[in-house]
K.L.:
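Here's a structure for you.
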2 protein chains.
Amino acid sequence: MVTRDHAQARVAVDLVVFTIRGGLLHLLLVKRGNPPFRHRHALPGGFVRRGEDLLDAAVRELREETRLDANLFHIEQVHTYGAPKRDPRGRIFSVAYLAIVPNLPTPVGGTDALSAHLVPVAKVGKLAFDHNKIVTDALEVARTKLEYTTLAVSFCPETFTITDLRKVYEAVWERELDARNFHRKVLATQGFVVDAHRKRASPAGRPPAEYRAGKAIALHPPMLRSSY
Amino acid sequence: MVTRDHAQARVAVDLVVFTIRGGLLHLLLVKRGNPPFRHRHALPGGFVRRGEDLLDAAVRELREETRLDANLFHIEQVHTYGAPKRDPRGRIFSVAYLAIVPNLPTPVGGTDALSAHLVPVAKVGKLAFDHNKIVTDALEVARTKLEYTTLAVSFCPETFTITDLRKVYEAVWERELDARNFHRKVLATQGFVVDAHRKRASPAGRPPAEYRAGKAIALHPPMLRSSY
DNA sequence: GCAAAAGTGTTGCAGGTACACCCATGA
DNA sequence: TCATGGGTGTACCTGCAACACTTTTGC
């Protein structure tokens, strides 16, 4: 190609970080410290550095924001956004990553952010750029992945109970599940969870058994939310 | 950010175009006319232009390559590849698109390609750049989407028989299906296909009824390939 | 014992597989 | 009437939803 009619562009990663607090799905947001959209909430993220791969950039940004070790969270690419005017600073493509972390520690502000907060997804307001669309897309991916994969355990600490796991599904799907059928189904699915041979002290009622994440990644059969 | 340690980059789209010929899944490949990887097979694609959105760039490239009208094929974004050294020309991010076309007309060479061919996916050799990885990823997406969506009709011409549709599944999954159960299941799934009230002349046997694509996008219940 | 939460048994139904069988056409 | 592929009926099996019921703890 002789004429350079293609764009010289910058490429950023944006992070949709979900965690669960108090039975509700929360999203990690930062308050922007610089224009454009100064003081507006936005997704954490930043530019991909020279010589840096996309996933590495996403992991780096998440670590800067949460101080979490890379093997303590789930992260995967979701979609890339490239509308010509999505960012007033120029041509910026954004590769969105979905991250899921167990019981996130109190977040800290990053380089470009005034502060970071966890916000219940139901209360997320108008965000900077096209970030509302990015959140919607990532949430749909997370909801679908709970059906066919063991992704839900990524929301849980190292050991957890079946009820903990069920509350993950209920928070993400915003839908109640039958505790008894759920219990049976999780234990019947090979590799979903493995017995930790411990009981948790409980404030009331029979103490539940604790489990760890199993080795399976895909669920056979899936946990369908359909049956509307 | 004061220091510009992030990459100034170019962004390209690469197309994984599938079609079915003679009951086999085929992939559209071009022979590169310019370095790097000159004379090597590669995915069709090209740089995103100034002021052009990602999907528009992918549709444009596909039209240039196949002369097909935009509403005659299915296209969707799959994944973005950004390893620092994936392209020897410099920092180039590639957004991969999966496209599915019915009975592709003979392809033509594009601006950057010597020629274009349809190759059975089983016979795809070593491709330029990281394109083998891109094809593998896109194929897995296509296989999965056949389970949960009506994507298979995108491989079919305007009117088709249930057997045509079944052969799509068999080609993509590389697995034979029971014709009788498949038939019943497709007709039982609301909105998958609608009766075209025509019969096709057949060389032997009872003439099959013809159908058109229905309005449904998702399949309830899904067409599971599992049951290994 | 009573409350509370964990965990099990059972029944009815929806949907899948396997395969016997009937239908419509050309030669 | 036979071969061929389209299409239907049916029997068996798996897996889920619903919900009654039992178990194990703290008070």
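Reminder, nothing fancy here: chain letters follow the sequence lines and each chain counts from 1.
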K.L.:
Quick one: the side chain of A:Arg184 and the base of C:dG9, do they pair up donor-acceptor inside 3.5 Å?
P.N.:
yes

K.L.:
Under 4.0 Å between any heavy atoms, over every strand shown, what does B:Ala209 touch: base, sugar-phosphate, or nothing? Just pick one.
P.N.:
sugar-phosphate

K.L.:
Among D:dT25, C:dT25, C:dG9, which is the nearest nucleotide to the side chain of B:Pro207?
P.N.:
C:dT25

K.L.:
Check every strand shown and say whether A:Thr161 touches a base, only sugar-phosphate, or nothing at a heavy-atom separation below 4.0 Å.
P.N.:
nothing

K.L.:
Could you tell me how far apart A:Arg198 (CZ) and C:dA6 (P) are, to the nearest whole angstrom?
P.N.:
17 Å

K.L.:
Tell me, do A:Phe192 and A:Tyr211 make a side-chain contact under 4.5 Å, heavy atoms counted?
P.N.:
no

K.L.:
With a 4.5 Å heavy-atom cut-off, do B:Ile20 and B:Lys167 have their side chains touching?
P.N.:
no

K.L.:
Nearest whole angstrom, please: distance from the C1' of C:dT17 to the CZ of B:Arg175.
P.N.:
11 Å

K.L.:
Please report the distance, rounded to the nearest Å, between NE2 in B:His220 and P in C:dG16.
P.N.:
13 Å

K.L.:
Is it true that B:Phe93 and A:Phe93 have ring centroids separated by less than 6.0 Å?
P.N.:
no

K.L.:
Do B:Arg175 and B:Leu177 have side chains that approach each other closer than 4.5 Å (heavy atoms only, starting at C-beta)?
P.N.:
yes

K.L.:
Separation of A:Leu224 atom CG from D:dA17 atom P, in whole Å?
P.N.:
8 Å

K.L.:
In whole angstroms, how far is the C1' atom of D:dG7 from the CZ atom of B:Phe182?
P.N.:
14 Å

K.L.:
May I ask you to decide whether A:Arg60 forms a salt bridge with A:Asp56, counting only side-chain N to carboxylate O separations under 4.0 Å?
P.N.:
no

K.L.:
Which of these nucleotides, C:dA4, C:dG7, D:dT8, is closest to any side-chain atom of A:Pro208?
P.N.:
C:dG7

K.L.:
How many Å lie between CG on B:Asp195 and P on D:dG7, as a whole number?
P.N.:
10 Å

K.L.:
Considering only D:dG6, C:dA18, C:dG16, which nucleotide approaches the side chain of B:Lys185 most closely?
P.N.:
C:dG16

K.L.:
Let me know the distance between CG of A:Leu165 and P of C:dA6, rounded to the nearest Å.
P.N.:
13 Å

K.L.:
Which whole-number value in Å describes the distance from B:His183 NE2 to C:dA20 P?
P.N.:
19 Å

K.L.:
Between B:Arg206 and A:Pro221, which residue's closest nucleotide on DNA chain D lies nearer the 5′ terminus?
P.N.:
B:Arg206

K.L.:
Both A:Asp178 and B:Ala204 contact DNA chain D. Taking the nearest nucleotide for each, which residue is further toward the 5' end?
P.N.:
B:Ala204

K.L.:
Measuring from the side chain of A:Asn181 (C-beta onward, heavy atoms only), which nucleotide among D:dG7, C:dT17, D:dA18 has the closest atom?
P.N.:
D:dA18

